[in-house]
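First the structure, in the form of structure tokens, and then the observations on it.
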Amino acid sequence: MDIVLMGAPGAGKGTQAAKLEKELGLKHISTGDVLRDEIASGSELGKRIAAVINNGDLVSDELMLSVLKNIVAGTKEGIIFDGFPRTITQAKMLDAMLVQLGRKLRKAVAIELPEEVVVERLGERKQCKLPDGEIRQIGPDFSQEDCQKQGGKIFMRPDDTPEHVRHRLAVYHQQTEPVIQFYRQNGLYAKVDGNQDPQQVFESLLAVIKQ
Ligand code: AP5
Ligand code: MG
């Protein structure tokens with residue numbers, strides 16, 4: 001069972017995908033994390049990616065697909081796609097890739113959240129970089145104290161400044177919202193209210209996924 005988790009920047013995709021991964025035994029693939037891992041590797045490709053994503057723009061469809069293809073092909077479990085597809089072209093590429101690999105998309109679920117809440121949440125979001133390079137999000141499961149105790153460093157994502165968040169939202173409206181219509185047309189679309197506490201969002205997601 002493969003699931004697409006959609007929603008504006010800061011809607012709670014990463015938070016919920018991690019919970020769904022545990023609950024349903026699926027593999028969580030965040031394309032944002034995949035790209036940030038490439039940046040962290042220090043490669044030439046990573047440097048080109050950093051210039052794009054730190055500015056809040058999307059990397060090209062071709063690059064995204066080439067990075068993602070091997071990961072999906074090497075995954076046996078069902079997948080939760082977090083932050084992919086983000087354009088109509090990517091949605092069509094995903095369809096083709098899943099057919100080729102004999103996989104099937106069960107649902108494309110959007111987490112909806114008012115923009116003022118997005119700006120507020122992302123303005124407060126903190127991350128922790130652990131000594132082994134792992135990045136953890138500060139939240140109910142991992143506090144700032146946990147980070148410090150493990151020798152980690154607290155930082156904010158470079159694309160979480162208010163002006164970058166506004167730009168990411170504009171990119172979302174222009175390039176990613178049309179994907180909702182794509183999944184409406186093929187009957188896979190569902191949405192949940194992201195403006196509830198994380199456990200309630202999780203239960204809403206489980207309910208629509210199981211429908
Ligand atoms: P990506 O990393 O996917 O960023 P995003 O879509 O902007 O979303 P975020 O990760 O910021 O938010 P989220 O929805 O995961 O929310 P979270 O759970 O963290 O992509 C980054 C960049 O990579 C893109 O801008 C683009 O450049 C590039 N990229 C990625 N995919 C691409 C693609 N397919 N094609 C091209 N380029 C691509 O929650 C946010 C905060 O809110 C956290 O602090 C969390 O603790 C808190 N929170 C979560 N839920 C709740 C709740 N219910 N109540 C209160 N607080 C909550
Ligand atoms: Mg995320």
Side-chain angles (χ1 to χ4, degrees), residues 4-21 28-40 46 48-69 71-72 80-94 97 108-128 135-144 154-161 164-177 179 192-205:
V4 163
L5 205 51
M6 302 178 61
K13 303 181 294 294
T15 303
Q16 295 300 329
K19 286 161 98 59
L20 290 169
E21 179 177 49
H28 170 198
I29 298 179
S30 154
T31 44
D33 287 348
V34 169
L35 296 170
R36 283 183 289 272
D37 285 348
E38 188 63 45
I39 295 173
R48 292 209 301 279
I49 292 171
V52 178
I53 85 170
N54 291 347
N55 198 35
D57 290 312
L58 300 185
V59 303
S60 73
D61 294 329
E62 293 68 29
L63 171 68
M64 195 66 257
L65 194 78
S66 70
V67 174
L68 196 63
K69 217 165 46 186
I71 300 176
V72 175
I80 307 168
F81 292 96
D82 160 3
F84 181 89
R86 265 172 143 101
T87 63
I88 293 281
T89 306
Q90 289 183 11
K92 290 180 179 164
M93 286 170 159
L94 177 63
M97 180 166 66
V109 194
I111 304 176
E112 293 195 322
L113 197 66
E115 292 204 357
E116 63 274 16
V117 186
V118 163
V119 177
E120 192 186 309
R121 281 190 192 172
L122 292 183
E124 289 169 358
R125 174 166 60 181
K126 292 194 176 66
Q127 315 271 113
C128 170
I135 308 278
R136 298 279 310 259
Q137 187 145 298
I138 303 296
D141 301 333
F142 193 79
S143 68
Q144 297 200 42
I154 292 165
F155 71 100
M156 288 194 70
R157 261 173 52 176
D159 58 348
D160 275 351
T161 66
H164 283 112
V165 171
R166 275 192 292 276
H167 182 63
R168 283 158 65 198
L169 282 166
V171 169
Y172 176 77
H173 291 311
Q174 199 185 23
Q175 302 193 53
T176 307
E177 259 173 7
V179 178
V192 299
D193 177 9
N195 204 7
Q196 322 175 66
D197 77 56
Q199 186 59 27
Q200 285 172 313
V201 180
F202 178 59
E203 281 161 22
S204 309
L205 279 167

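Values reported hereafter were calculated over all heavy atoms of this structure, with side chains retained and with hydrogens, waters and symmetry mates removed. Indexing begins at 1, ligand by ligand and atom by atom, following the structure's order. Heads up: numbering here begins at 1 and tracks the sequence.
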Going by the atom numbers of ligand 1, which of them fall below 4.0 Å from some non-hydrogen atom of Gly83? 31 (N), 32 (C), 33 (C), 34 (N)

Decide whether an N or O pair under 3.5 Å exists between Ala11 and ligand 1. yes

With a 3.5 Å cut-off and no angle check, do the side chains of His164 and Asn54 form a donor-acceptor pair? no

Can an N or O of Gly14 be found at a distance shorter than 3.5 Å from an N or O of ligand 1? yes

Kindly determine whether Asp57 and His167 satisfy side chain to side chain donor-acceptor pair (under 3.5 Å), including the steps that lead there. CA-CA 8 Å; Asp57 290 312; His167 182 63; 2.6 Å; yes

Protein contact of atom 22 (C) of ligand 1 - nearest heavy atom, named by residue and atom, plus distance: Ile53 CB, 4.1 Å

Taking atom 31 (N) of ligand 1 as the reference point, the nearest protein heavy atom with its distance: Thr31 OG1, 2.7 Å

Give the numbers and elements of all ligand 1 atoms closer than 4.0 Å to a heavy atom of Met64. 32 (C), 33 (C), 34 (N), 35 (N)

Any idea which protein heavy atom is nearest atom 16 (O) of ligand 1, and the distance to it? Gly12 N, 3.1 Å

Could you verify whether a donor N or O on one side chain and an acceptor N or O on the other, from His28 and Asp82, lie under 3.5 Å apart? yes

Considering only non-hydrogen protein atoms, determine which one is nearest to atom 18 (O) of ligand 1 and report residue, atom name and distance to 0.1 Å. Thr15 OG1, 2.5 Å

For Leu35, the ligand 1 atoms with a heavy-atom partner under 4.0 Å come out as 23 (O), 28 (C), 29 (N), 30 (C), 38 (C)

Taking atom 7 (O) of ligand 1 as the point of reference, which of Gln196, Arg168, Gln90 owns the nearest heavy atom? Arg168

Option with minimal heavy-atom separation from atom 1 (P) of ligand 1, where the choices are Arg157, His164, Lys13: Arg157

Looking only at heavy atoms of Val59, does any of them come nearer than 4.0 Å to an atom of ligand 1? yes

Which of these, Gln199, Arg125, Arg121, has its nearest heavy atom closest to atom 11 (O) of ligand 1? Arg125

Show which atoms of ligand 1 fall inside a sub-4.0 Å distance from at least one heavy-atom site of Asp57. 26 (C), 27 (O)

Of the listed options (Gly10, Pro85, Gly139), which comes nearest to atom 12 (O) of ligand 1 when hydrogens are ignored and any heavy atom counts? Gly10

Considering the options Gln16, Gln199, Gln196, which one meets the side chain to side chain donor-acceptor pair (under 3.5 Å) requirement together with Ser204? Gln196

So which of Lys19, Gln16, Arg86 gets nearest to atom 20 (O) of ligand 1, if we judge by its closest heavy atom? Arg86

For ligand 1, which atoms have a heavy atom of Arg36 less than 4.0 angstrom away? 2 (O), 21 (C)

With the threshold set at under 4.0 angstrom, would you say Ser30 reaches ligand 1 through any of its heavy atoms? no

Nearest to atom 43 (C) of ligand 1 by heavy atom, Gln200, Gln137, Gln127, Met6: which? Gln137

